[in-house]
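When reading the values below, keep in mind they use all heavy atoms of this one structure, side chains included, and skip hydrogens, waters and symmetry mates.
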Amino acid sequence: MSGYSFILLGSNLGDRKSLLKKAITMISDSCGDIISVSRLYESEPWGFSAENNFLNQVVKIKTEMKPDELLRELLSIEAVLGRQRDENATGYQSRPMDLDILYYDDFIVDTSDLILPHPRLHMRRFTLLPLCDIAPDFTHPLLCKTNEELLKECEDKSEVRVLGIIDKNSW
């Protein structure tokens, strides 16, 4: 099996930029070939309050992994980069690394461990802006709208600013 996946990277603890670079390297080493990388964005926390803003980026990879295998590997990368999941926590929390599969080709998956496409991607500017950098015309398989259309319709008005590019030579 071979497919393309879009992965959202986020960090609001520690050396955020360095953690994103490390995550991209680890994804490249263990998950598949990096096809494209969005610009780097900074955004306020979504759905909770925190002292630090998030840095976010989206990568497109070509992978031989099945979606559930990719998820397991991404969770492992999060853990290596310092994420500690509190199973008793309610709601969102600050974290050194968060890796979310946004799309895996046009697959629709709904299991207890994985929902594809990501169920909230269309509600979040910090997800849609970097996604539109690299895949504006990709069509959401359930909503039947392109990422660009989803961004135009997004009701999230939180500030998301472009910080620049983490280029391929830096990871």
Nearest 0.5 angstrom please: H122 NE2 to H140 NE2, how far?
6.5 Å

Rounded distance [0.5 Å steps], CD in E64 versus CD in E69
10.5 Å

Examine distances only and state if a side-chain atom of D105 and a backbone atom of F107 form a donor-acceptor pair shorter than 3.5 Å.
no

For the pair N12 (side chain) and R95 (backbone), establish whether a donor and an acceptor sit closer than 3.5 Å, ignoring hydrogens and angles.
yes

Between K145 and L142, is there a donor-acceptor pair closer than 3.5 Å when you use the side chain of the first and the backbone of the second?
no

Do any N or O atoms from the side chain of T63 and from the backbone of C31 form a donor-acceptor pair under 3.5 angstrom?
yes

Side-chain donor or acceptor of S11 paired with backbone N/O of M97 under 3.5 Å:
no

Answer yes or no: does atom OH of Y4 have more than 12 heavy-atom neighbours from other residues, nucleotides or ligands under 6.0 Å?
no

Side chains of D113 and T111: is there a donor and an acceptor less than 3.5 Å apart?
no

For D106 versus P141, what's the shortest heavy-atom pair and its separation?
O-CB, 3.5 Å

Do D133 and V58 come close enough that some side-chain heavy atom pair is under 4.5 Å?
no

Starting at CG of D15, measure out to CG of L20 and round the result to the nearest 0.5 Å.
9.5 Å

With ring pair (Phe, Tyr, Trp, His ring centres under 6.0 Å) as the criterion, how do F138 and Y103 come out once you've worked through the C-alpha distance, each side chain's angles and the decisive distance to 0.1 Å?
CA-CA 10 Å; F138 186 87; Y103 297 114; 4.5 Å; yes

